[in-house]
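Some notes on the structure that comes next.
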Amino acid sequence: MLRVSMATPLLMPRLGNCGRYSFDGRGGCWNGYGKEKMRTTGNAAAKKTRLSVSPLASSALAESRHSTAANFYKEVLEAARDKFTREISFQSKDEDISLAKALLYVAAEDEAFLAFNREIDICSAHNERRDTSLLCDGKGWESVDTMPMAEKNLNAWLAELDAISKEVEAELVSRDIGCHLAEVMEPVNKVLFESRGFRRSPVIVDPKCSYLHSALSSGCASAILLSVIYIEVCRRLNLTIVGSRVGEEFLIWPPTGNPEELFKVTSGHSLFEVVNGKCVEDPRSKASDINSHSLLGLEIATNRDIIGIALANLIQMLQRLYWKRASRTNHGLMLTSPLRSVLKSEEKLNQDGSSDMPLLRPQELRLAIMASERLLILEPHNWSLRRDHGMLLYYKREYEAAVQELSICMAFAPEEEAEVLEPFVEKLHLMRLETSWKSLGQKGRLTIP
């Protein structure tokens with residue numbers, strides 16, 4: 001179970017409050033060393049020194065080291081969120097936003113969160129076993145920009161995109177390229193889909209496919225991330241690629257005054273199909289309805305739109321993992337299920353003052369909340385996003401924060417949706433009061449006159 005207390009909406013988690021274990025390093029006692037021990041030299045002296053550490057001192061040393069690591073990860077989390085916010089700031093021009101940087105900051109924040117939890121697990125194991133072999137040797141990095149993600153830091157992953165674009169450039173130079181669009185785009189497709197072997201994952205079941213650095217590392221990516229990689233590579237070659245959301249798909253293409261050439265079939269496939277995958281030929285997908293005429297009517301996505309779509313996909317993937325576990329004991333459970341059930345009957349509160357919800361390790365849930373927070377930075381007035389964010393907080397048992405978010409949501413929501421939310425928010429008020437009552441050590445049920 002995750003041992004981190006996260007209680008403030010739209011703010012960074014309070015990583016200093018670690019639940020079961022305190023990471024405030026406590027003082028300990030080192031055993032005294034006699035002169036005869038200190039005469040030992042070299043590796044033998046180092047070994048004797050390590051063996052002479054008392055269990056109490058060893059525990060204090062471990063907690064001190066993990067306290068430093070925990071504080072460092074807290075700083076990295078805050079720095080990653082701050083840099084993401086500045087990258088997508090509305091004070092910046094949309095064309096100046098780097099899709100790659102913004103999404104790598106998302107990955108860095110989540111990686112730091114996971115690393116923090118690993119620190120808690122290591123410290124917990126150390127406290128239980130008193131095992132000095134679990135001590136860390138240090139991180140070897142100093143900031144969010146140098147934090148390793150899949151063995152490379154953020155700048156190295158940006159350099160990876162540079163390297164891909166250089167490969168495409170080499171292909172362009174080696175060919176006698178004319179001005180035809182298909183000839184210009186063919187080297188891009190060859191490098192990405194043949195040389196590098198990038199492929200779309202039709203159903204995202206692995207969280208790694210939803211993070212840019214993992215997609216660059218494995219070659220397996222969600223459709224939106226593969227589109228981001230395509231756009232970023234072409235941008236480095238001064239080739240413009242635009243995109244638009246069509247149903248559940250995100251389609252990209254190079255702008256052209258002659259859209260018919262995008263749909264001209266060569267060697268069994270059109271350029272539009274090669275760039276966007278099999279969805280454009282799938283009759284179940286709205287993307288299959290796009291042709292040279294309807295393409296001109298699509299609304300072009302901004303960079304902020306693209307980042308928002310990537311975040312929304314990440315949230316959906318994390319929720320899918322969470323609900324997959326929850327539905328084993330709660331068949332048919334959905335994010336908004338409690339909103340509907342409260343209209344039918346009052347849910348009974350269990351002994352700890354919370355509703356009957358699945359008790360799970362909430363790592364994916366916390367990551368989904370973090371993605372939701374970032375999405376709200378992009379779209380602060382989107383009532384449905386704020387409703388979903390409030391419901392995520394509800395499942396995390398952060399009732400006060402959930403009340404705040406859902407109350408704000410009611411101000412923006414359509415009247416019929418606000419009517420659904422109102423009784424649920426009232427119930428959350430009571431749940432919050434009862435939880436506070438129990439936390440004060442009071443017995444019995446809280447009665448409201």
Side-chain angles (χ1 to χ4, degrees), residues 87-88 94-95 97-107 157-158 160-162 164-165 168 181 184-194 196-204 206 208-256 259 262-263 269-282 285-288 290 295 298-317 371 375 378:
E87 185 66 39
I88 56 94
D94 188 78
E95 59 267 24
I97 295 174
S98 168
L99 298 175
K101 274 189 178 181
L103 294 177
L104 285 171
Y105 286 136
V106 168
W157 286 119
L158 291 174
E160 183 71 10
L161 289 168
D162 295 338
I164 296 173
S165 67
V168 176
L181 185 61
V184 174
M185 301 309 300
E186 185 180 350
V188 181
N189 296 329
K190 179 180 179 180
V191 169
L192 286 177
F193 303 126
E194 294 181 23
R196 289 279 182 156
F198 281 103
R199 63 193 185 281
R200 294 171 182 81
S201 179
V203 180
I204 303 299
D206 186 348
K208 293 180 180 179
C209 294
S210 294
Y211 290 102
L212 182 57
H213 70 290
S214 294
L216 287 168
S217 175
S218 67
C220 180
S222 63
I224 183 65
L225 282 189
L226 194 52
S227 296
V228 167
I229 293 170
Y230 204 105
I231 291 170
E232 285 288 329
V233 169
C234 288
R235 182 178 291 174
R236 285 160 168 75
L237 298 168
N238 294 320
L239 297 174
T240 301
I241 299 293
V242 297
S244 179
R245 186 159 199 167
V246 178
E248 297 297 318
E249 307 294 341
F250 185 78
L251 306 178
I252 58 173
W253 66 93
T256 173
L262 293 174
F263 296 88
H269 302 285
S270 68
L271 176 59
F272 194 73
E273 181 185 354
V274 172
V275 172
N276 292 291
K278 296 180 180 179
C279 67
V280 299
E281 298 293 332
D282 188 348
S285 171
K286 290 184 179 181
S288 63
I290 302 300
L295 186 69
L298 296 179
E299 182 178 355
I300 302 301
T302 65
N303 285 330
R304 290 187 181 88
D305 291 335
I306 295 172
I307 293 169
I309 294 169
L311 285 174
N313 283 11
L314 176 60
I315 293 171
Q316 290 172 3
M317 183 276 302
L375 197 51
L378 284 166

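Between the side chains of D162 and S165, no donor-acceptor pair of N or O atoms lies under 3.5 Å.
Contact check for I241 versus W253: no side-chain heavy atoms found under the 4.5 Å cut-off. Side-chain contact between P254 and L262 is present, with heavy atoms from C-beta onward closer than 4.5 Å. No side-chain heavy atom of S227 sits less than 4.5 Å from a side-chain heavy atom of I306. Looking at L226 and F193, their side chains come closer than 4.5 Å, going by heavy atoms from C-beta outward.
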Requested in this report: Start with the C-alpha gap between I164 and L216, add the side-chain angles, then the distance that decides, and say whether side chain to side chain contact (heavy atoms under 4.5 Å, CB included) holds.
Outcome: CA-CA 10 Å; I164 296 173; L216 287 168; 4.2 Å; yes
Requested in this report: Begin from the C-alpha positions of Y105 and I88 and carry the test side chain to side chain contact (heavy atoms under 4.5 Å, CB included) through to its verdict.
Outcome: CA-CA 11 Å; Y105 286 136; I88 56 94; over 6 Å; no
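One distance of note links CD of E194 with CG of N189; it measures 8.5 Å at 0.5 Å rounding. To the nearest 0.5 Å, atoms CG (L192) and CZ (F198) are separated by 6.0 Å. Here the CD1-CZ distance, from I252 to F272, works out to 9.0 Å after rounding to the nearest 0.5 Å. A distance of 8.5 Å separates CD of E248 from CG of N313, quoted to the nearest 0.5 Å. Between I315 atom CD1 and L311 atom CG the span is 6.5 Å, to the nearest 0.5 Å.
Panel note: side chain S217, backbone H213; no donor-acceptor pair is recorded below 3.5 Å. Judged by distance alone, the side chain of N303 and the main-chain N or O of L99 form no donor-acceptor pair under 3.5 Å. Judged by distance alone, the side chain of D282 and the main-chain N or O of C279 form no donor-acceptor pair under 3.5 Å.
Annotation: E95, atom CD; neighbour count of heavy atoms from other residues, nucleotides and ligands within 6.0 Å is above 12. Residue-environment remark: CD (Q316) exceeds the threshold of 12 foreign heavy atoms within 6.0 Å.
Nearest approach of L225 to S210, heavy atoms of both residues: CD1-C, 3.3 Å.
Between K278 and E281, none of the side-chain N atoms (NZ, or NE/NH1/NH2) sits under 4.0 Å from a carboxylate O, so this pair counts as no salt bridge.
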